[in-house]
Protein chains: 4
Amino acid sequence: MIKNKIYQIVEKGSHGSRQNLIFDYVIMTLILLNVIAIILETIPEINRLYGSFLRSFELISVIIFSIEYLMRLYVSDLSHPSSSRIKSILKFVFSGYGVIDLLAILPFYVPFLIKADLRFLRILRLMRFFQILKINRYHNSLNLIWSVIKEKKGELTITAFVTFLALLVSSFLIYYIERDVQPDKFPNILAGFWWAIATLTTVGYGDVYPVTAFGKVISGFVAFLGIGLVALPTGIIGSGFMEKIDKRKHKITCPKCGEEIEDKN
Amino acid sequence: MIKNKIYQIVEKGSHGSRQNLIFDYVIMTLILLNVIAIILETIPEINRLYGSFLRSFELISVIIFSIEYLMRLYVSDLSHPSSSRIKSILKFVFSGYGVIDLLAILPFYVPFLIKADLRFLRILRLMRFFQILKINRYHNSLNLIWSVIKEKKGELTITAFVTFLALLVSSFLIYYIERDVQPDKFPNILAGFWWAIATLTTVGYGDVYPVTAFGKVISGFVAFLGIGLVALPTGIIGSGFMEKIDKRKHKITCPKCGEEIEDKN
Amino acid sequence: MIKNKIYQIVEKGSHGSRQNLIFDYVIMTLILLNVIAIILETIPEINRLYGSFLRSFELISVIIFSIEYLMRLYVSDLSHPSSSRIKSILKFVFSGYGVIDLLAILPFYVPFLIKADLRFLRILRLMRFFQILKINRYHNSLNLIWSVIKEKKGELTITAFVTFLALLVSSFLIYYIERDVQPDKFPNILAGFWWAIATLTTVGYGDVYPVTAFGKVISGFVAFLGIGLVALPTGIIGSGFMEKIDKRKHKITCPKCGEEIEDKN
Amino acid sequence: MIKNKIYQIVEKGSHGSRQNLIFDYVIMTLILLNVIAIILETIPEINRLYGSFLRSFELISVIIFSIEYLMRLYVSDLSHPSSSRIKSILKFVFSGYGVIDLLAILPFYVPFLIKADLRFLRILRLMRFFQILKINRYHNSLNLIWSVIKEKKGELTITAFVTFLALLVSSFLIYYIERDVQPDKFPNILAGFWWAIATLTTVGYGDVYPVTAFGKVISGFVAFLGIGLVALPTGIIGSGFMEKIDKRKHKITCPKCGEEIEDKN
């Protein structure tokens, strides 16, 4: 009975009962506060003043997350039904969220065993948000976006691939053109690749840029290619959304004869 | 009678009578001149030469805006009908535009009471433009844009949320990667967040950028994610506009009965 | 007869006869060579070596353009029919292309009259391209793009207006936030406006950027607003193109009964 | 027989037999490893340690590519049927991929003949990817994207042309405005053109930017034009994709005769 109850609260979030919602919001708030704490810890002034408080909060969080993890382990035969209890536990432990949950609490326990600073793994706690997102009212929107991206996978992949080729070719060219004039800025082709990314995505930090006439010509081409790089996926995704909308909605009822005319797009 | 007249002019702009239009244009011109005056005041050379003139103009403007505010207070029982006069006044004072109107003239009166420089509040006068926009011929366009954004709220929110998560994760990563090499540029995770925003939006000021190989890899991923960040909302909004147009226009003539069928999506 | 002939060649480009095409291409080539000459003139090394040649070429071009202008004046009663000859001439002289043509040759004659360097006006010769574009095969594409922009004028204007308000408000805020810390970078609100444009359009030169925490928050908001600034007009224009295509094409012929079903979107 | 077999493997990739797939993947892997080797060669530390290994790998690759080229020459009468054997060989040698294949192996043999460093030509090997792409499952996506771009050629060309004019005009203006204040940054109009590209594409490296008030005004206009430069092609391409989808899918059932009507736009 209690096991079932725990299962309902910890795993079956999709039911949307009052208890589940409260549990989800508590966990989400805790994660958010945790992330803020991690951020604040890296600011020396704040760490000096409130460091002990932040570490206590981290301690409490880890305890809560650990209890939750143990509870999930406990109900793993319900959430991951299998032929034997051990198999269920292993199934949960090696499931996507099982691994994330473990990695998110691990950094706390590791220093007791070996000397390693894995604190950056704590960021993995954010992944839990996706799990929680799935059960709330944004579910449909997330699904719609995801299905559009999946449906247009072919076109998006080919765009990404051609982009990658363009990056490679332009980083080769810029390296051979600029290396003699700016050997410190373009010491190898990888430096050219870094420049190509910054130019193609139009970020343009300004740490590397061509100074030769021909290098600037290449740069101009890459920058305009970057415009196309935005235009293509946008057009692809936009048409994908339109398709989805058309599919869902295209049905016409003739008001006179009552006939339903289905427009088969 | 006069009260009704004042109400017509000051509040009922939507009627579009000649007097209302003139009143609206006078107020809009006054606001624009005010904003220009505020800008010019911050340029020392101009302030030295024309400072007294600018301050006189500000004085006159505040008097006009104050009179307008009092007039609105006076007709608040017509614009915000309520059970008692006091309630109407309070309703107006705490309405969106009531608060904005008050805050926009307050900076002038505050120094007489307490010592505080609230002059930056004068920028709030620009908010009045939205109020005036509502009543003019751009009303439909504004409504259309707004309704598209509202309809696609779910998809846009989820995109914003995933973007926010990506910003958080990448600022964590860049901080842990770059802090040892550039401790002055990445002193804490917030600095990483600032870098992540500049990279994801492809602004790329160039004040902070990664120098390590792995940092550059992260940077490349974030920059390409930025391309997606443009593609997704654009596709969403574009399809939203298409939907609106379809709704307005989709009509088919049934070839059987000759009746015009309205497609109710 | 000759006058009619001249009129056919110089003005009636739209007829697309062989002679017209040749005339158009000669003029276009001449303009292009002119622009290249103007560019080369500004490079000292080239100017030193080939300066006299470039100036001779400029002289010949101006003579050709002047003859063309006189020819247009001569046939102005055909191209701009009016009650009297003088009126026709004036009509041409003050028409859009009449003014441009005159301004494009003026810089050459002005130094003989008054001392003024108006050579930059020569760039106006490029405007002629639009005139020539109108008559060639890209006419339809240009028209389509133009009609989409015109049809969506309301939505695009409102987007531009809201963008302008956002620029104003953010330049005010950044000025009041950053002026104490970076008085040399943000000496007045206009400097803030310059920063706001560079951030909103995601150009991000890196000459001015916020250093305070609050300034960076504002900067982040403006940069994300910039993403929206791309998404909105793109969505608007994209849906405009779709509308045009729908209008032109939506007609279905039933292959059985031969009935044409018109889809009235 | 053997000739036919070779032809099947080397050229007729589209058949998708097991042998062809293996051959294609081996070639693709070899090209990728080659590109990585070329990149690594430019990093001094790696070149010092593994240089001889990288050069051996390059030698083996060239041998393989050379054999493949000879094999293609051998089967050229099957892949490029012609009236005589010599004509077939020439047809292949001067075909697009024939030239690319030769240029990609040439850099190795050239130093034996004349003294020239053509190693950068090795990047041409990447072009082979397009050839291989054509025969795999991304064929349809590539075709769809290509057909959309081709169909919208008119609109895209006109956008590119107007963009080019805008670049020219703004580089003229910025040069005449900024040359007196920043003669080192804007020595000639070409420098202005470089600035115009960086601004219009919103790359904004920050190596050149206006400092005068009027220059900043021009800069703002160009930057906002850049937004439009993204919006226009995106809208054009997006509507192109929609059109394609409509064409493939628009089918309506005529309610009179029950026949399925295909919409032929």
Side-chain angles (χ1 to χ4, degrees), chain C residues 35 38-44 119-120 122-123 126-127 129-130 133 137-138 140-142 144-145 148-149 160 163 190 193-194 197-198 200-207 226 229-230 233-242 244-246 248-257 259 261 263, chain D residues 152-159 161-162 165 168-169 171-173 175-176 179 187-190 192-193 198-199 202-209 211 213 216 219-220 223-224 226-228 230-232 234-240 242-243 246 250 252 254 256-259 261-265:
Chain C
V35 169
I38 297 173
I39 292 173
L40 293 178
E41 248 183 88
T42 67
I43 304 172
R119 275 180 302 166
F120 67 90
R122 288 181 296 178
I123 188 66
L126 280 172
M127 290 298 147
F129 271 98
F130 282 98
L133 264 183
R137 66 202 167 97
Y138 291 114
N140 284 333
S141 299
L142 191 63
L144 177 60
I145 293 173
V148 165
I149 292 173
T163 302
L190 285 179
F193 200 74
W194 169 240
I197 285 175
L200 194 81
T201 59
T202 76
V203 167
Y205 286 123
D207 54 341
L229 176 62
V230 174
T234 304
I236 291 165
I237 286 171
S239 71
F241 275 104
M242 277 307 300
K244 288 276 163 201
I245 288 155
D246 274 11
R248 275 193 311 200
K249 288 198 175 169
H250 231 73
K251 258 175 200 164
I252 310 160
T253 310
C254 175
K256 198 169 180 182
C257 40
E259 197 125 333
I261 311 171
D263 199 341
Chain D
K152 296 292 176 187
K153 223 182 75 182
E155 281 89 348
L156 293 174
T157 306
I158 216 87
T159 307
F161 183 74
V162 173
L165 283 190
L168 266 185
V169 172
S171 54
F172 268 70
L173 290 176
Y175 167 68
Y176 284 110
R179 67 173 167 174
N188 52 56
I189 291 176
L190 286 179
F193 201 74
T199 303
T202 77
V203 167
Y205 287 122
D207 54 340
V208 274
Y209 49 82
V211 293
K216 285 176 178 181
S219 200
F224 277 103
I227 302 286
V230 175
L232 264 182
T234 305
I236 290 165
I237 286 171
S239 71
M242 277 308 299
E243 252 182 297
D246 274 11
H250 225 73
I252 286 177
C254 176
K256 195 171 181 178
C257 39
E259 192 102 343
I261 313 166
E262 206 174 325
D263 197 341
K264 271 159 201 110
N265 15 349

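The choice from D:Tyr205, D:Tyr175, D:Phe224 that makes the most heavy-atom pairs within less than 4.5 Å of chain C is D:Phe224. Comparing D:Ile236, D:Leu156, D:Leu173, D:Thr234 by heavy-atom pairs within less than 4.5 Å of chain C, the highest count is held by D:Ile236. Most heavy-atom pairs under 4.5 Å with chain C: of the set D:Asn188, D:Val211, D:Ile227, D:Leu232, this distinction falls to D:Asn188. For chain D, the option among C:Ile43, C:Ile197, C:Val230 with the highest count of heavy-atom pairs below 4.5 Å is C:Ile43.
With a threshold of 4.5 angstrom between heavy atoms, D:Val208 approaches chain C through N, CA, C or O but not through any side-chain atom. At a 4.5 Å heavy-atom cutoff, the contact between C:Thr163 and chain D is made by side-chain atoms alone. The contact between C:Ile145 and chain D is made entirely by side chain atoms (from C-beta outward), counting heavy-atom distances below 4.5 Å. Using a 4.5 Å cut-off between heavy atoms, C:Val148 does not touch chain D at all.
Nearest approach of D:Ala223 to C:Thr201, heavy atoms of both residues: CB-OG1, 3.6 Å. The two residues C:Ser141 and D:Glu155 have their closest heavy-atom pair at OG-N, 3.5 Å. For the residue pair C:Trp194 and D:Ser219, the shortest heavy atom distance occurs at CH2-OG, 3.4 Å. The two residues C:Gly238 and D:Ser239 have their closest heavy-atom pair at O-CB, 4.2 Å.
Every residue two or more places apart in sequence or in another chain that forms a side chain to side chain contact (heavy atoms under 4.5 Å, CB included) with D:Thr202 is listed here: A:Thr202, C:Thr202, C:Val203. Taking C:Ile38 as the reference, C:Arg122, D:Phe172, D:Tyr176, D:Ile189 meet the side chain to side chain contact (heavy atoms under 4.5 Å, CB included) condition, with sequence neighbours excluded.
Counting heavy atoms from C-beta on, the side chains of D:Ile237 and C:Phe241 never come closer than 4.5 Å.
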Checking side chain to side chain contact (heavy atoms under 4.5 Å, CB included) for the pair C:Ile39/D:Leu168: CA distance, chi angles, key distance, verdict? CA-CA 10 Å; C:Ile39 292 173; D:Leu168 266 185; 4.0 Å; yes
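One distance of note links OG1 of D:Thr157 with CG of C:Leu142; it measures 12.0 Å at 0.5 Å rounding.
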